There are 2 protein chains.
Amino acid sequence: MQRFRYIGMKLTPQRLAILDFLDGNTSHPSAEDVFQFVSKRFPTMSLATVYSTLAVLKKKGEVLELTIDPDKKRYDPETSEHHHLICLSCKRIVDMPSERRIELPERVIQNFTIVKSHIEAYGYCPACKKTITV
Amino acid sequence: MQRFRYIGMKLTPQRLAILDFLDGNTSHPSAEDVFQFVSKRFPTMSLATVYSTLAVLKKKGEVLELTIDPDKKRYDPETSEHHHLICLSCKRIVDMPSERRIELPERVIQNFTIVKSHIEAYGYCPACKKTITV
DNA sequence: GTACGTGCAAAGGTTTTGCATTACA
DNA sequence: TGTAATGCAAAACCTTTGCACGTAC
């Protein structure tokens with residue numbers, strides 16, 4: 001939670017609970033996932049509040065909005081450059097540390113101004129490999 | 001259109017129009033984009049038919065469903081392994097030929113069974129660079 | 001002729017918006 | 001105290017589904 005202490009947003013109990021859930025979370029939760037967790041402590045919690053808080057965090061660069069899951073947006077509190085492994089069966093998203101910067105062709109760099117880039121690798125996670133017939 | 005000739009699906013006039021639009025198309029259109037184009041020739045065209053046809057093509061491996069755009073799915077008739085440049089301003093998606101296979105860390109390959117992987121590079125396209133203050 | 005595609009309408013799921021109430025700073 | 005967050009409901013989107021009718025093969 002240290003990292004969220006001075007991010008310049010009003011810290012309500014609901015927001016603290018959201019930040020508590022997100023800090024160090026590597027599960028890449030959806031808004032609904034966040035809502036489910038925070039609802040335990042705040043039964044009157046609203047999904048709209050979750051979305052609103054996530055929007056603020058995204059704007060402040062404290063979370064990334066992932067567009068990997070075709071069904072819903074997912075959020076990642078790990079904002080340093082890294083890559084993702086996605087299980088085609090259970091949709092689990094696993095972090096893959098960035099080994100080195102991705103090299104892009106020279107003519108690409110000259111045309112586009114690249115801000116960030118990452119790798120998405122799709123496959124089957126250890127748990128699903130055992131049970132699923134691909 | 002050659003490539004779609006023998007893909008084993010009933011070829012209705014509507015579907016031929018969709019295939020005509022997709023073949024060689026590098027704009028990564030959404031279902032709505034496809035619908036807009038095909039509607040010109042078939043005013044009674046239904047969005048549901050577009051979605052249904054895209055689902056069949058996806059199943060047959062003739063198009064890829066891209067989850068890059070947070071607002072809607074987009075489709076790519078180029079199914080060979082390649083990467084994407086995404087303009088953060090106009091959301092244009094540009095193909096980037098795959099130079100070599102992406103190397104992943106050894107321990108990742110041992111755990112996950114990787115099926116495919118690609119790079120997503122975000123930045124500003126030449127047109128937007130000129131007009132937008134980043 | 002039959003299985004399958006089409007088109008319309010309705011429903012489903014996620015995300016956004018409006019607004020009155022509440023609470024942080 | 002004033003500005004901003006919360007919570008509820010409704011709306012906005014994209015996408016899917018059900019069903020009667022029509023058509024490719």
Side-chain angles (χ1 to χ4, degrees), chain A residues 1 4-22 28-60 62-76 91 93, chain B residues 1 4-22 28-60 62-76 91 93:
Chain A
M1 292 287 285
F4 292 127
R5 198 149 284 173
Y6 306 107
I7 58 179
M9 57 190 280
K10 234 184 231 182
L11 290 181
T12 64
Q14 291 91 331
R15 285 186 167 182
L16 286 169
I18 292 174
L19 294 173
D20 179 38
F21 179 64
L22 289 178
H28 310 85
S30 65
E32 178 68 29
D33 294 333
V34 176
F35 176 68
Q36 288 302 330
F37 178 87
V38 183
S39 291
K40 289 182 210 152
R41 223 192 303 168
F42 296 91
T44 65
M45 188 73 186
S46 160
L47 239 193
T49 298
V50 173
Y51 275 109
S52 139
T53 299
L54 289 172
V56 172
L57 290 171
K58 178 188 166 193
K59 194 171 180 182
K60 291 191 177 295
E62 294 292 337
V63 300
L64 297 176
E65 190 179 81
L66 306 183
T67 56
I68 291 174
D69 189 329
D71 296 327
K72 48 182 170 286
K73 291 174 187 164
R74 294 173 63 164
Y75 296 86
D76 194 343
K91 299 201 174 178
I93 300 174
Chain B
M1 291 285 286
F4 292 127
R5 198 147 285 172
Y6 305 106
I7 58 180
M9 57 189 280
K10 240 185 227 181
L11 290 181
T12 63
Q14 291 91 330
R15 286 186 167 182
L16 286 170
I18 292 174
L19 294 173
D20 179 39
F21 179 64
L22 289 178
H28 309 85
S30 64
E32 177 68 29
D33 294 333
V34 176
F35 175 69
Q36 288 303 329
F37 179 87
V38 183
S39 291
K40 288 182 209 153
R41 224 194 300 169
F42 297 91
T44 65
M45 187 74 187
S46 160
L47 238 192
T49 298
V50 173
Y51 275 110
S52 140
T53 300
L54 288 171
V56 173
L57 290 171
K58 177 188 167 192
K59 195 171 181 181
K60 291 192 176 295
E62 294 291 337
V63 300
L64 297 176
E65 190 178 82
L66 305 183
T67 56
I68 290 174
D69 189 328
D71 296 327
K72 48 183 171 287
K73 291 173 185 165
R74 293 172 64 163
Y75 296 86
D76 194 343
K91 300 201 174 179
I93 301 175

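Every chain is numbered from 1, with letters handed out A, B, ... down the list of sequences. Please read these numbers as outputs of a predicted model, since none were measured by experiment.
One atom, CG of B/Asp33, and another, C1' of D/dC14, lie 13 Å apart when rounded to the nearest Å. When rounded to the nearest whole Å, the span between CG of A/Leu11 and C1' of D/dA4 equals 13 Å. Atom P of nucleotide C/dT14 and atom CG of A/Leu54 are separated by 15 Å, given to the nearest angstrom. Atom-to-atom, CG of B/Leu47 to C1' of D/dT15 comes out at 9 Å; the value is rounded to the nearest Å. Put simply, CG on B/Asp71 is 16 Å from P on C/dT14, counting in whole angstrom units. In this structure, A/Lys72 places its NZ atom 17 Å from C1' of D/dC13, rounding to the nearest Å. We find that NZ of A/Lys59 is positioned 12 Å from P of D/dA4, with the value rounded to whole Å. Rounded to a whole Å, the CE atom of A/Met45 is 8 Å from the C1' atom of D/dT6.
For the pair A/Tyr51 and C/dT15, the criterion of a side-chain N or O lying under 4.0 Å from OP1 or OP2 is met. The shortest distance between the side-chain N/O atoms of A/Arg15 and the OP1/OP2 oxygens of C/dC24 is not below 4.0 Å.
For a distance-only test at 3.5 Å, the side chain of B/Lys73 fails to qualify as a donor-acceptor partner of the base of D/dT15.
Residue contacts shown for B/Thr53 are limited to sugar-phosphate atoms, with no base heavy atom under 4.0 Å away. In this structure, A/Lys10 reaches the bases: a heavy-atom distance under 4.0 Å links it to at least one base atom across the strands shown. Residue A/Pro13 is classed as a sugar-phosphate contact, given heavy-atom separations below 4.0 Å to backbone atoms only. Here A/Thr49 lies in heavy-atom contact (under 4.0 Å) with a base. Across all strands shown, A/Gln14 has heavy atoms under 4.0 Å from sugar-phosphate atoms exclusively, and none from any base.
In terms of heavy-atom proximity, B/Phe21 sits nearest to B/Val34 at CE2-CA, 3.7 Å. In this structure, A/Arg74 and A/His28 approach most closely via the heavy-atom pair NE-O, 2.7 Å.
Here the straight-line distance linking atom OG1 of B/Thr67 with atom NZ of A/Lys72 works out to 13.0 Å at 0.5 Å rounding. Atoms CE and CD, from B/Met45 and B/Gln14 in turn, are 6.0 Å apart once rounded to the nearest 0.5 Å.
Residues satisfying the side-chain hydrogen bond (donor to acceptor under 3.5 Å, both in side chains) test with B/Lys91, not counting sequence neighbours, are B/Asp71.
A residue-by-residue look at B/Thr12 and B/Ala31 shows that B/Ala31 has its nearest nucleotide of DNA chain D further toward the 5' end. The nearest heavy atom of DNA chain D to A/Ser46 and to B/Ala48 marks one nucleotide each, and the one closer to the 5' end goes with A/Ser46.
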